[in-house]
Structures are given as C-alpha cells and as structure tokens.
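The shown structure was predicted, so the numbers you read here are calculated from the model rather than taken from an experiment.
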Amino acid sequence: MECSICPRRCGTERPGGFCGMGDLPVVSRAAPHFWEEPCISGERGSGAVFFAGCNLRCVFCQNYDISALRKGREISVPRLREIFSELAAQGVHNINLVTGTHFAGAIREALAPPPPLPVVWNCGGYESAETLWTLEGRVQVYLPDMKYSDGRLAGALSAAPDYPRVAAEAIREMFRQTGPYELDGEGMLTRGVMIRHLVLPGELDNTFGVLDWIADTFRPGDVLVSLMGQYTPNGHGGPDRRLTTEEYERAVAYMEALGLLEGYTQELSSAESEYTPLFDGTGV
C-alpha cells in the first residue's frame with residue numbers, strides 16, 4: 001500500500017520512503033521517563049514508548065541513534081498493547097508515544113481498547129491533519145514541537161522547508177480535538193496541547209516568529225508553551241555551540257511580552273546528554 005501517513009506523502013510501498021520503516025512499530029525503549037515537563041512526568045514518571053525512525057531529518061536530534069540510525073526492535077500490535085498495560089501497572093501518569101507518526105496505523109490499533117491513562121502524542125510537529133483525524137478520541141494530550149517559523153532554516157536543518165505551514169495546520173487540528181488544556185488535582189496534564197520550541201543558537205528571529213504565531217493563534221488558557229534551551233551539539237550538523245544565557249533570556253523576555261505566561265522555561269543546565277535515556281531495548 002502506498003504510504004501517505006505523513007506530510008511527505010511518499011507514495012511508496014513500505015518499508016521505504018523517507019522514514020525507511022515498515023508498517024509494524026519498531027520500539028527502542030518503553031519505561032517510566034522523568035525528564036519531560038512536570039505536568040507530564042510528575043512524581044511517578046511518564047510511560048514513554050520511544051519509536052525508531054522519523055519523518056524529519058533534524059541534524060541536531062538528541063535521539064539520533066533511534067531517529068536516524070533506527071535502532072530498535074520490531075514488535076506486533078498485540079505486543080505494543082501489552083507494553084501499554086505493563087507501563088500502566090508501573091504507576092506512570094500517562095502513556096507517552098514518542099515520535100510514532102510513521103506507525104500511526106499500528107498505534108491506533110494498539111490503543112483499542114484504550115489504556116486506563118491519558119495518551120500523549122509526543123511528536124516533532126510535522127504531522128498530516130488527515131492522520132491526526134484518525135487519532136481523535138484515542139489521544140488526550142498532544143505534545144508537538146513548533147520548531148520553525150523560517151522555512152529556509154527548516155529545510156536546512158530538518159529537510160522540511162514546508163514545516164512552518166504544515167506544523168501550524170497540524171497544531172490547529174490538535175487543539176480542535178482537545179480544546180483548552182486541563183490539569184488534574186496533581187497538576188498533571190490530562191487533556192490539551194502543550195507546544196514545545198527549542199531555541200537554536202544564533203536563530204532568535206526563528207524563535208520570535210514561532211512565539212508570534214502562538215500568540216496570534218491561541219488565547220490565554222488555550223495551550224501551554226514549553227520554551228526549551230537544551231540545544232546540544234551532536235556532531236551531525238546544526239549550530240556547533242550551545243545556547244548562551246543572553247540568547248535564552250531574550251527569548252523568555254519576548255515570550256512574556258507576548259503574554260505567553262502559561263507553561264515552562266528551562267535552566268540551561270538541562271543541556272546535558274545525561275537527560276537522554278539509553279535506547280537499549282528496556283521494556284520492549
């Protein structure tokens with residue numbers, strides 16, 4: 001069957017196309033994860049399932065071993081459903097599906113019947129609205145990146161020059177499905193959209209454009225924003241230095257001036273490789 005799951009619409013038989021993956025999910029790790037935002041990880045951790053492969057080519061990806069090198073184990077849909085149950089039994093706050101776009105069909109099957117926890121769709125933002133439609137009712141929390149407002153930069157660093165338009169359409173669809181964000185009594189995100197943006201060294205205009213779009217698109221109380229400063233050079237391309245304190249402070253000040261006050265900022269000490277988990281097949 002010719003693939004049209006993501007915005008690239010490769011139209012090729014799988015395995016093949018841009019992601020190079022087959023129809024069955026390839027999982028690199030499934031375990032409680034404690035390095036997401038507080039409303040996702042909480043005290044008991046987020047039940048993170050890391051999928052191999054990606055529909056982007058972000059040269060600075062922190063998960064390069066699984067996104068580009070595709071390290072992981074192919075599993076069946078019933079096994080994926082079992083993993084969700086096993087994570088829930090460990091007491092996690094949610095089921096966190098990390099970069100599962102290219103396996104959307106298999107994931108949709110595995111989510112029936114639904115897990116007894118909120119399901120988080122944790123993605124790079126480069127999503128097809130048509131595929132997102134098929135997830136409606138199965139996903140309660142969307143956690144997309146909004147990486148770029150600059151198509152030139154998106155093409156150079158992620159091989160997706162149409163990223164700003166595509167991600168904007170996708171995030172609007174995510175919000176249509178969930179409505180304004182909701183937190184439970186523990187402060188955990190149980191429904192809604194949280195938009196992540198990684199500030200890139202030397203590219204503040206890109207960040208300002210992203211924040212402008214969020215402020216122009218959503219009202220206060222609609223979405224959460226997570227402004228990340230954890231950029232770490234990985235030797236595969238992209239800026240070859242970390243973000244400076246001055247750059248990040250300027251980004252935070254701009255966000256606050258726009259009235260984007262609901263969400264998270266980071267300590268720049270978060271830019272450490274130790275916060276990237278081992279993709280060693282745990283839980284698979």
Side-chain angles (χ1 to χ4, degrees), residues 24-52 63 66 72-73 75-125 127 131-145 170-171 173-196 222-224 226 262-264 275 277 279 281-284:
L24 288 177
V26 178
V27 178
S28 306
R29 180 181 176 87
H33 186 57
F34 295 90
W35 302 116
E36 307 284 27
E37 289 81 358
C39 69
I40 299 293
S41 287
E43 295 184 357
R44 301 191 301 276
S46 177
V49 182
F50 290 89
F51 295 93
N63 296 347
I66 64 172
R73 182 183 305 166
I75 62 173
S76 66
V77 169
R79 175 58 192 147
L80 183 58
R81 190 179 295 119
E82 288 177 354
I83 287 173
F84 298 160
S85 297
E86 290 164 5
L87 288 169
Q90 294 178 61
V92 297
H93 293 282
N94 46 59
I95 301 300
N96 183 355
L97 306 172
V98 185
T99 319
T101 300
H102 42 297
F103 300 123
I107 291 172
R108 185 171 60 248
E109 288 184 52
L111 290 173
L117 298 170
V119 173
V120 179
W121 190 259
N122 185 340
C123 67
E127 305 284 310
T131 296
L132 292 173
W133 295 342
T134 70
L135 298 172
E136 186 166 7
R138 290 178 167 86
V139 171
Q140 288 73 48
V141 174
Y142 283 101
L143 188 56
D145 291 335
I171 293 171
E173 169 58 22
M174 294 171 188
F175 180 75
R176 184 198 66 78
Q177 290 185 21
T178 68
Y181 74 88
E182 299 175 7
L183 303 175
D184 67 12
E186 296 180 277
M188 303 303 299
L189 185 59
T190 58
R191 188 171 186 85
V193 177
M194 178 159 59
I195 302 170
R196 286 172 163 170
D222 278 352
V223 300
L224 294 167
S226 180
E262 297 166 89
Y264 301 93
Y275 296 121
F279 300 119
T282 295
V284 182

Give the C-alpha distance, both sets of side-chain angles, the deciding distance and a yes or no for side chain to side chain contact (heavy atoms under 4.5 Å, CB included) between N94 and V141. CA-CA 9 Å; N94 46 59; V141 174; over 6 Å; no
For residues [X] and [Y], report the shortest heavy-atom separation together with the two atoms involved.
| X | Y | value |
| --- | --- | --- |
| M194 | I40 | CE-CG1, 3.8 Å |
| E173 | L132 | CG-CB, 3.9 Å |
| V92 | L117 | O-CD1, 3.6 Å |
| C39 | Y264 | CB-OH, 3.2 Å |
| C123 | T101 | CB-OG1, 4.3 Å |
| P144 | I171 | CG-CG1, 3.9 Å |

Measure the [atom1]-[atom2] distance between [X] and [Y] for me, rounded to the nearest 0.5 Å.
| X | Y | atom1 | atom2 | answer |
| --- | --- | --- | --- | --- |
| L224 | I195 | CG | CD1 | 9.0 Å |
| I83 | R29 | CD1 | CZ | 12.5 Å |
| M188 | S41 | CE | OG | 7.0 Å |
| I95 | S85 | CD1 | OG | 8.0 Å |

Can you confirm whether [X] sits close enough to [Y] that some side-chain heavy atom of one is under 4.5 Å from a side-chain heavy atom of the other?
| X | Y | answer |
| --- | --- | --- |
| P180 | F175 | yes |
| L111 | R108 | no |
| L135 | Y142 | yes |
| S28 | V284 | no |
| F51 | N122 | no |
| P118 | E182 | no |

Test side chain to side chain contact (heavy atoms under 4.5 Å, CB included) on V49 and L80 and set out the steps. CA-CA 9 Å; V49 182; L80 183 58; 4.2 Å; yes
Does T99 use its side chain to pair, donor to acceptor, with the backbone of A52 at less than 3.5 Å?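 Flag not set: sc T99 to bb A52 has no pair under 3.5 Å.
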Which residues pass the salt bridge (charged side-chain N to carboxylate O under 4.0 Å, His left out) test with E136, sequence neighbours left out?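 E136: salt bridge (charged side-chain N to carboxylate O under 4.0 Å, His left out) contacts with R176.
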Criterion side-chain hydrogen bond (donor to acceptor under 3.5 Å, both in side chains) against H93, the qualifying member of R44, E43, E36: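 For H93, the side-chain hydrogen bond (donor to acceptor under 3.5 Å, both in side chains) check succeeds only for R44.
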Is there a side chain to side chain contact (heavy atoms under 4.5 Å, CB included) between F84 and V119 once you walk through the steps? CA-CA 10 Å; F84 298 160; V119 173; over 6 Å; no
Pick from V98, I107, N96: which one makes a side chain to side chain contact (heavy atoms under 4.5 Å, CB included) with W121?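 Answer after filtering V98, I107, N96: I107.
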With a 4.0 Å cut-off on N to O distance, would you call E109 and R138 a salt bridge?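 No, no charged N to carboxylate O under 4.0 Å.
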